[in-house]
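Notes follow the structure.
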Number of protein chains: 2
Amino acid sequence: MNRKTQTRDPELTRARILDAAEELFVEQGFSAVKLSELARAAEVTKSLIHHHFGSKEQLWEAVKNRAFERYFQAQMAMFEEAGEPDALLLRRSVEAYFHFLRDNPGVVRLFAWTHLEGDNHCSDLDNQLVGAGAEWIRQTQRRGLLRSDVNPTHVIAVFVMTCTQWFEAKCHHQHWPDMGSDEAFLEDFMKIFMEGVTPRK
Amino acid sequence: MNRKTQTRDPELTRARILDAAEELFVEQGFSAVKLSELARAAEVTKSLIHHHFGSKEQLWEAVKNRAFERYFQAQMAMFEEAGEPDALLLRRSVEAYFHFLRDNPGVVRLFAWTHLEGDNHCSDLDNQLVGAGAEWIRQTQRRGLLRSDVNPTHVIAVFVMTCTQWFEAKCHHQHWPDMGSDEAFLEDFMKIFMEGVTPRK
DNA sequence: GCGCTAACTGGCCGACCGGTCAATTGCCTT
DNA sequence: AAGGCAATTGACCGGTCGGCCAGTTAGCGC
């Protein structure tokens, strides 16, 4: 079963289409992408796209599903290799999330497009993730290592939204006067955030 | 010069087109909007759109310019009626910004679309705004009322991005387990943020 | 080998896209 | 009163969009 010598390979064809589609959708959004352009990029005929995915909309869904699955798997993996729920774990999680977004700019843009569409079909997986994270924070609060007068879900929301927006709108605020690099910003954000969630006597 | 009895009123026509265009662009983004649909919504002919704005792209620019000018004027007005630079001013500014975004969802979406386009043509006005805000924070830091080991621009970035993303991705986070209302989230965010920027002995 | 299925092709389609243009009409100036 | 000009109209354009379909061909089970 050598794929190099085969003239037909539906799996590979599907993958080629998905890859090219993801690149174009991430770059331009759903409606700006033309199937002819996509066909050229994926080196397949337009008809083949319809054969494998049905329609442009269905292809868009497939692209989003694949990307989000990758995202959730990466996040879940992060969860599994974590240790005791304490402040350091929270700090490390935020940093890991920030760096994940930095290294996966496509995911950030895909999220942004789907948000603008009002799409929330990925909420099942997402709720799982957020629920697990919130539970950790709750445990850390109970152990007295984080302040208890804030909703754990809101704590997650604050750092997720800051990280997301940092990369989503980078083209915008990177020109702000005195704005620092990714790492400089993360450092200052961590100072503010960790200080903000630390319990007071 | 009664506009009601006039059969022609270019100013009003322009405004009608701009209004309808803003609504559609905000909703669907640039490329998804069709001029025919827009013409119907604005109750003008398609040719009239071209007569007044030249092309779809130029109309998009005009819509963005008008909206952003409104945005900057609102922000600048907020600046002018402010008092002494202290922590309370910062708190009030964040709350005002949050509520402004809540009351102007179109602006949030317009920002999001332009970010995805990589458009940063509004940076002049924006830099002014951020520069002025950062200067305030710097003064407050000098007076010992805010911690001094963080970049003032980053402080602004943190709350601007959190507020922006809250409304931009609302369709997404609002279904997270235990997620609170706008006000409940703002309250928790303010707790974390203000505690995070308060100086320590 | 043989035949069935699915992968794949090229040509085609109607719809409709953004944009143009010549002609008409209302308003302002003088 | 008239002339000029911008506002406005509707017919029209070439291009291309997403999608379809009849036909061809490769691979796989029998």
Side-chain angles (χ1 to χ4, degrees), chain A residues 1-66 113-114 117 119, chain B residues 1-66 113-114 117 119:
Chain A
M1 231 230 238
N2 186 349
R3 291 199 164 163
K4 297 291 158 70
T5 59
Q6 255 181 203
T7 63
R8 291 185 179 191
D9 188 338
E11 302 260 326
L12 191 119
T13 302
R14 274 185 70 96
R16 277 236 304 279
I17 295 173
L18 276 172
D19 288 340
E22 182 170 328
E23 195 179 323
L24 290 177
F25 282 140
V26 158
E27 184 59 32
Q28 314 174 11
F30 175 74
S31 39
V33 169
K34 298 134 204 266
L35 284 190
S36 54
E37 186 190 3
L38 167 56
R40 211 178 317 120
E43 294 180 296
V44 298
T45 56
K46 225 176 26 164
S47 322
L48 208 42
I49 300 173
H50 284 101
H51 174 68
H52 283 292
F53 296 95
S55 71
K56 193 186 170 188
E57 254 102 7
Q58 287 171 279
L59 173 59
W60 175 223
E61 291 300 319
V63 165
K64 286 191 288 189
N65 284 336
R66 193 184 62 157
W113 291 118
T114 57
E117 282 178 356
D119 182 344
Chain B
M1 225 223 249
N2 186 347
R3 292 201 164 161
K4 297 288 156 68
T5 59
Q6 255 181 203
T7 63
R8 292 186 175 190
D9 188 339
E11 302 259 325
L12 191 120
T13 303
R14 275 184 68 96
R16 277 235 304 280
I17 295 173
L18 275 173
D19 288 341
E22 182 170 328
E23 196 179 322
L24 291 177
F25 281 140
V26 158
E27 184 58 32
Q28 313 174 11
F30 175 74
S31 39
V33 170
K34 298 134 204 268
L35 285 190
S36 54
E37 185 190 3
L38 168 56
R40 210 179 316 119
E43 293 181 298
V44 297
T45 55
K46 221 174 31 161
S47 324
L48 210 42
I49 299 172
H50 284 101
H51 174 69
H52 284 291
F53 295 96
S55 72
K56 194 186 170 189
E57 255 102 8
Q58 287 171 278
L59 173 60
W60 175 224
E61 291 300 318
V63 166
K64 286 191 289 188
N65 283 336
R66 193 183 64 156
W113 290 118
T114 57
E117 284 178 351
D119 183 344

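To find a chain, count down the sequence lines: A is the first, B the second, and so on, and within it residues start at 1. Values reported hereafter were calculated over all heavy atoms of this structure, with side chains retained and with hydrogens, waters and symmetry mates removed.
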Spacing of NE2 belonging to His52(A) relative to OG belonging to Ser47(A), to within rounding of 0.5 Å: 11.0 Å
side-chain contact (heavy atoms from CB on, under 4.5 Å) for His51(A) and Thr45(A)? Distances and angles first, verdict last. CA-CA 10 Å; His51(A) 174 68; Thr45(A) 56; over 6 Å; no
Between CD1 on residue Ile17(B) and CG on residue Leu12(B), distance to nearest 0.5 Å: 10.0 Å
Restricting to non-hydrogen atoms, name the atom on His50(B) and the atom on Leu35(B) that form the minimum distance, rounded to 0.1 Å. CE1-CD1, 3.4 Å
Nearest-angstrom distance from the residue atom CD of Glu43(B) to C1' of dT8(D): 15 Å
If you compare all heavy atoms of Ala21(B) against all heavy atoms of Val63(B), which two are closest, and at what distance to 0.1 Å? CB-CG2, 3.7 Å
Treating primed atoms plus P, OP1 and OP2 as sugar-phosphate and everything else as base, which nucleotides of nucleotides 7-17 of chain C get B, S or - for protein heavy atoms under 4.0 Å? BBBBB-----S
Taking atom CD as the centre, does Glu117(B) end up with more than 12 heavy-atom neighbours from other residues, nucleotides or ligands that are less than 6.0 angstrom away? yes
Establish, yes or no, whether a centroid distance under 6.0 Å links the rings of Phe25(A) and Trp60(A). yes
Can you tell which of Lys64(B), Arg16(B), Arg66(B) makes a salt bridge (Lys or Arg N to Asp or Glu O under 4.0 Å) with Glu22(B)? Arg66(B)
For nucleotides 1-5 of chain D, list the nitrogen or oxygen atoms of the protein found under 3.5 Å from its nitrogen or oxygen atoms, one pair per line.
none

Roughly, in whole Å, what's the span from CD in Glu11(A) to P in dA26(D)? 20 Å
For atom CD1 of Ile49(B) and atom P of dA7(D), their distance in whole Å: 15 Å
Atom pairs, protein N/O to nucleotides 1-4 of chain C N/O, distance under 3.5 Å:
none

What's the shortest heavy-atom distance between Phe53(A) and Arg14(A), and which atoms? CE2-NH2, 3.5 Å
Rounded to whole Å, how long is the line connecting atom CD of Gln58(B) with atom P of dG18(C)? 15 Å
Check whether more than 12 heavy atoms from other residues, nucleotides or ligands sit under 6.0 Å from atom CD of Glu61(A), and answer yes or no. yes
Could you check how far CG of Leu12(B) sits from C1' of dC27(C), rounded to whole Å? 16 Å
Go through it in stages, so that I can follow the logic: the residues are Val44(B) and Leu38(B), the test is side-chain contact (heavy atoms from CB on, under 4.5 Å), and I'd like the CA-CA distance, side-chain angles, deciding distance and then a yes or no. CA-CA 9 Å; Val44(B) 297; Leu38(B) 168 56; over 6 Å; no
